[in-house]
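For reference, the structure discussed in these notes is given below.
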Amino acid sequence: MAKTIDSKIPEGPIAEKWSNYKAHQRLVNPKNKLKLDVIVVGTGLAGASAAASLAEMGFNVYNFCIQDSPRRAHSIAAQGGINAAKNYQNDGDSVYRLFYDTVKGGDYRAREANVYRLAEVSNDIIDQCVAQGVPFAREYGGMLANRSFGGAQVSRTFYAKGQTGQQLLLGAYSSLSKEVQRGKVKLYTRYEMEDVVIVDGRARGIIAKNLVTGKLERFSANAVVIATGGYGNAYFLSTNAMGCNCTAAIQCFRKGAMMANPSYVQIHPTCIPVHGDKQSKLTLMSESLRNDGRIWVPKKLEDAKALQAGTKQGYEIPEEDRDYYLERRYPAFGNLVPRDVASRAAKERCDKGFGVNNTGLAVFLDFSESIQRLGIDEILQRYGNLFDMYEEITDVNPGEKACTKNGVDYYHPMMIFPAIHYTMGGVWVDYELQTTVPGLFAIGECNFSDHGANRLGASALMQGLADGYFVLPYTIQNYLADQNIWPRLSTDLPEFAEAEKAVEKEIDRLMNIKGKRSVDSIHKELGHIMWEHVGMGRTKEGLEEGLKLLKELRKEFDTNLFIPGSKEGLNVELDKAIHLRDFILMGELVAYDALHREESCGGHFREEHQTEEGEAKRDDENFFYVGCWDYQGNDDKAPELIKEPLKYEAIKVQTRNYKN
Amino acid sequence: MSLTGIALILFLLFHASMNVVALISAEGYNMICGFLGANWYAVAATVALAGLVVLHFIFAFWLTFQNWKARGTDRYAVTSKPKKVEWASQNMLALGVIVILGMGLHLYNFWAKMMLVELVPCAGNHELATNGVYWIAETFSCPCYTVIYLVWLAALWMHLNHGLWSSMQTLGWSGKVWFNRWRAISCIASTIIILMFAAVAVAFCFGYRPCDFNDVVNIANACHAGGLC
Amino acid sequence: MAKNISVTIKFWKQNGPKEKGHFDTHELKNIPDDTSFLEALDIMNEELISEGKEPFVFDHDCREGICGMCSLYINGTPHGKTERGATTCQLYMRKFKDGETITVEPWRSAGFPVIKDCMVDRNAFDKIMQAGGYTTVRTGQAQDANAILIPKDDADEAMDCASCIGCGACVAACKNGSAMLFVSSKVSQLALLPQGKAEAARRAKAMVAKMDELGFGNCTNTRACEAVCPKCETISNIARLNREFISAKLAD
């Protein structure tokens with residue numbers, strides 16, 4: 001029986017939907033809040049802010065994270081900034097414009113109502129964070145400073161040096177700490193959610209593994225919120241942290257929560273290129289670099305060949321022989337085109353043989369011109385810490401003059417290449433952020449809701465905090481309003497025992513494979529399959545081949561995995577193996593979704609569907625919907641597709657154009 | 001630590017300035033010694049001073065014990081000291097112990113002969129008690145003492161050089177700008193104090209005497225010869 | 001161009017907080033020197049696993065120097081020696097010589113008990129933060145962000161203080177096992193901003209009291225902490241904490 005899907009979008013004009021919803025939703029009275037427990041898994045921007053806000057309201061919150069402290073969540077690594085429609089710069093920004101840019105940036109695949117709500121609460125986020133003491137950059141007059149980001153024609157990005165994610169997360173973490181002190185949040189660090197427990201069709205608890213003791217523990221609550229981030233690590237090499245995983249989300253998927261648009265994976269254009277096969281992760285260089293850096297490859301193929309052979313250096317190529325391909329192709333937005341466009345353009349140049357490092361998989365990001373224009377001090381003021389970071393990794397300093405020719409100073413250009421960065425797809429949620437399992441909510445990167453097929457820069461932080469501070473704490477009450485009639489569930493219920501036993505059995509199965517291959521070696525292979533066949537440029541044949549290889553890889557995993565040590569106590573390899581098991585399934589989901597979506601949009605690019613100029617060609621006739629995938633009871637069975645049609649009332653759907 | 005430390009530094013500054021007088025005028029110096037004889041104010045100050053030293057000492061050991069406990073049971077197999085870290089700052093207790101030992105000797109050499117005798121009847125030569133210059137000359141005529149005193153002063157210099165800015169830091173009177181100022185002040189102040197002390201010791205060791213030395217000391221010798229009690 | 005080097009890793013093995021630990025060694029051959037140090041440890045672990053042994057356990061996560069998870073004491077220095085502040089994950093093999101023996105130890109401090117090998121428990125930092133490292137503001141209460149004017153210099157300085165990543169290198173380097181640099185960075189950030197003023201006195205007292213309660217040592221101004229801080233926090237923060245703390249105590 002195919003499940004039906006209801007996005008629960010409120011009635012009314014787009015600008016009034018959220019107010020209408022809040023005016024008419026059910027609330028929980030203060031006394032009843034004290035009787036209700038909520039589990040929040042994850043302590044990133046979304047998780048920490050939700051846990052803190054729910055606790056402030058009076059709910060009893062149980063908050064889990066896999067690291068040693070909530071402050072380690074990977075939100076901390078976001079560099080660039082956070083968008084808000086404050087219009088402090090008087091450049092014509094508004095809630096509507098932020099909404100419009102986000103929908104357009106998302107290639108018209110996001111749910112309109114959700115995005116409008118996001119733009120609406122964006123201003124509250126900035127207020128909230130400033131009150132927490134987040135040290136955003138200021139102008140000399142003491143007002144907040146802004147900068148511009150890809151995909152927007154206004155300056156609406158608030159930032160704290162190159163560490164905005166860190167500062168926002170520490171803000172949320174401080175609010176969380178305050179509630180822990182008050183006793184309203186109980187914090188469980190180094191715990192991993194292994195399963196969600198369903199009682200009478202509702203999410204009523206989780207099974208979590210204490211990563212230090214290796215013991216499984218049961219937790220019951222009136223609602224479960226997962227805020228566990230994205231699945232970028234399915235590609236092995238990504239800008240995600242080593243610990244980022246999709247186990248919680250996939251486990252919810254196995255228990256009936258649908259997965260939406262998994263093929264929308266964002267490839268970030270400005271990462272440091274891969275240097276060898278021992279590499280464990282890719283380092284992102286903030287997109288803000290594109291404000292003043294110009295991206296280029298040589299015009300002449302022989303120059304590119306010389307660069308690849310190492311006989312020539314980037315700075316030796318004179319101005320007239322440089323191809324600033326983004327400025328050439330997209331005069332209106334230039335180097336500030338959205339991420340997917342910039343990434344694909346880099347790939348296109350490298351595919352044509354113009355790559356500039358020894359692997360031929362890199363392009364230049366050059367500051368020579370802006371240093372001439374603004375002076376080295378100003379550039380270092382803006383990007384000094386990023387230059388340091390780049391030098392630390394590559395031994396090349398982009399702020400160092402390389403040579404002077406014809407009175408023009410040339411600086412060492414950076415080398416960059418696209419890398420997996422963010423996953424727009426995720427657990428399907430309705431307007432209330434509730435999944436297809438009643439009582440199970442998903443917030444932040446781990447849901448699919450707001451970015452459509454592509455996310456704009458500085459929007460992830462906005463979405464995480466919007467969900468956690470201002471959306472979920474309201475919408476969850478609509479669900480919890482009648483839940484206080486249920487008594488606190490005992491964890492001795494058979495449903496809990498069964499779930500725990502299943503996890504235990506699965507752990508035993510993994511421990512007992514006793515094959516020959518380490519987790520990482522299989523994970524690397526998964527990464528290769530994903531990048532080759534389900535990566536930036538996808539084809540029908542490639543995806544089919546990818547799916548075949550993924551099935552074989554799963555077999556290899558199930559028969560030839562080796563985990564040293566025992567399941568008792570801390571076992572890092574066991575935990576990684578559990579993650580890998582779910583990355584493989586996630587990889588298949590990405591491939592299934594990419595295969596079925598016979599169009600190109602945002603982060604999903606099918607080579608069969610492109611214009612003559614190589615731009616993405618959408619098919620709004622046939623694919624104007626959210627692709628939701630439903631688990632069929634077994635990892636080996638193909639998931640079933642269910643469509644949530646998109647309805648646009650406020651925005652006219654058109655082809656994205658960043659050219660003029 | 002910081003408050004007692006600063007009080008002790010102020011005392012040292014006073015003590016050092018007093019000593020320099022011995023280089024200029026023996027009579028002047030002895031006059032000061034006379035002022036600081038068995039008067040109620042001098043005794044009170046001495047007791048207070050002793051109290052400060054004891055407090056400083058107790059705090060030091062209590063602090064070190066707490067810090068030692070905080071360090072945990074396992075120690076690093078390999079350590080390397082960053083350039084920024086002064087050796088003195090990590091060895092204040094050791095330096096302090098050297099200072100205390102030196103002080104014991106110093107009390108024996110001078111204080112016992114100059115103040116203790118006045119407090120305890122028949123403990124020694126009362127007439128010589130106010131003749132500080134005599135005792136300076138007497139002590140430093142032995143080069144061994146001079147060397148020991150110089151080693152002691154070197155330890156004291158290191159102790160002060162770290163101690164002074166460190167106190168201000170602990171009292172919160174520091175920051176990005178004041179940090180460097182206090183470092184400079186510490187260095188200058190401790191160098192001046194130590195140089196003043198050392199100058200007297202070295203000068204007397206090498207036979208220097210203030211111009212009125214003979215007059216003053218002859219009187220003393222006369223008393224000494226008289227064997228007065 | 002990267003060249004290959006061979007090194008010997010001497011690493012600390014310990015099964016639990018109460019167990020006795022020891023060093024193991026492993027030879028790594030022909031590692032490209034553009035490999036990061038943690039990637040070299042990954043390679044070592046792959047080799048250990050292929051020999052059927054348990055891998056060497058250490059904390060790490062973002063591998064770009066911001067999460068504060070990585071925490072190795074390398075050749076006598078927390079996070080290893082680099083020219084400017086960097087975390088363990090930002091250390092590259094080019095900083096080592098061919099044939100060198102690299103000694104890897106956990107943070108050693110009573111405040112950070114070992115969980116396994118070089119993974120330590122830094123929960124104490126969370127507890128200190130819970131004691132007062134926040135402004136008491138509820139979601140939705142805030143006024144417009146630009147209603148509070150903050151001079152650029154103050155904002156920039158607060159930002160520098162707020163850069164602390166809570167890795168614990170300061171405690172690891174301190175011969176007193178003191179957490180003052182960590183505590184003072186948070187206190188300073190909030191003391192510099194008008195938003196933090198209302199609770200400044202309470203915060204300074206509560207955080208210092210919690211730090212003492214958790215068994216961290218006292219500050220004797222050796223500056224070892226600022227010398228190893230990957231985010232270049234300075235002891236002027238400690239002076240500010242002292243100032244805040246003393247004036248709070250005097251006001252009582």
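Fair warning: this is a prediction, and the values are worked out from it, not measured in the lab. Chain A is the first sequence line, chain B the second, and so forth, proteins listed ahead of strands; every chain is numbered from 1.
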Among residues 133-140 of chain A, which ones touch chain C with a heavy-atom distance under 4.5 Å? A:G133, A:P135, A:F136, A:R138, A:E139, A:Y140
For chain C, find which of A:M57, A:H74, A:K516, A:M389 contributes the most heavy-atom pairs closer than 4.5 angstrom. A:H74
Please confirm whether the backbone N or O of A:G565 pairs with a side-chain atom of C:E54, one donor and one acceptor, at under 3.5 Å? no
Quick one: which of A:C129, A:A160, A:P473 has the most heavy-atom pairs under 4.5 Å with chain C, could you say? A:A160
Measure across C:Q130 and A:S177 and return the closest heavy-atom pair with its distance rounded to 0.1 Å. CG-O, 3.6 Å
Do you know which two heavy atoms are closest between C:Y134 and A:K178, and how far apart they sit? CE2-CA, 3.5 Å
Can a donor-acceptor pair be found, under 3.5 Å and without considering hydrogens, that links the side chain of C:Q90 to the backbone of A:E392? no
How many angstroms lie between atom OG of A:S69 and atom CD1 of C:I165, to the nearest 0.5 angstrom? 12.0 Å
Output the distance between atom OG1 (A:T189) and atom CG (C:D121), rounded to the nearest 0.5 Å. 7.0 Å
Could you walk me through whether A:Q167 and C:M159 pass the side-chain contact (heavy atoms from CB on, under 4.5 Å) check? CA-CA 8 Å; A:Q167 294 311 315; C:M159 177 65 221; 3.6 Å; yes
Which heavy atom of A:Q128 sits nearest a heavy atom of C:G140, and at what distance? OE1-N, 3.2 Å
Quick one: does any side-chain atom of A:D127 pair with a main-chain N or O of C:A142 as donor and acceptor, under 3.5 Å? no
Contact part of A:Q79 toward chain C, heavy-atom cut-off under 4.5 Å: side chain, backbone, both or neither? side chain
Do you know which two heavy atoms are closest between A:H275 and C:T35, and how far apart they sit? CE1-CA, 4.4 Å
Of the backbone (N, CA, C, O) and the side chain (C-beta and beyond), which part of C:D154 lies under 4.5 Å from a heavy atom of chain A, both, or neither? neither
Give the member of A:R190, A:R182, A:Q132 that has the highest number of heavy-atom pairs under 4.5 Å with chain C. A:R190
If you tally heavy-atom pairs under 4.5 Å against chain C, which of A:S521, A:S280, A:P70 wins? A:S280
When the 4.5 angstrom heavy-atom criterion is applied to A:L169 and chain C, the contacting part is neither
Calculate, to the nearest 0.5 Å, the distance between atoms CG and CE belonging to A:L170 and C:M129 respectively. 6.5 Å
Residues from residues 568-575 of chain A approaching chain C under 4.5 Å (heavy atoms): A:L570, A:V572, A:E573
Contact part of A:N123 toward chain C, heavy-atom cut-off under 4.5 Å: side chain, backbone, both or neither? neither
Side-chain donor or acceptor of C:D34 paired with backbone N/O of A:T394 under 3.5 Å: no
Please confirm whether the backbone N or O of A:A241 pairs with a side-chain atom of C:R63, one donor and one acceptor, at under 3.5 Å? no
Side-chain ion pair, C:D144 and A:K86, N-O less than 4.0 Å: yes
Please report the closest heavy-atom contact between C:T135 and A:A131, naming both atoms and the distance. OG1-O, 3.1 Å
Restricting to non-hydrogen atoms, name the atom on C:R94 and the atom on A:D395 that form the minimum distance, rounded to 0.1 Å. CD-OD2, 3.4 Å
Does this structure show an ion pair linking A:R72 with C:D61, if we count only N-O contacts that are shorter than 4.0 Å? no
Less than 4.0 Å between a side-chain N and a carboxylate O, is that true for A:K281 and C:E64? yes
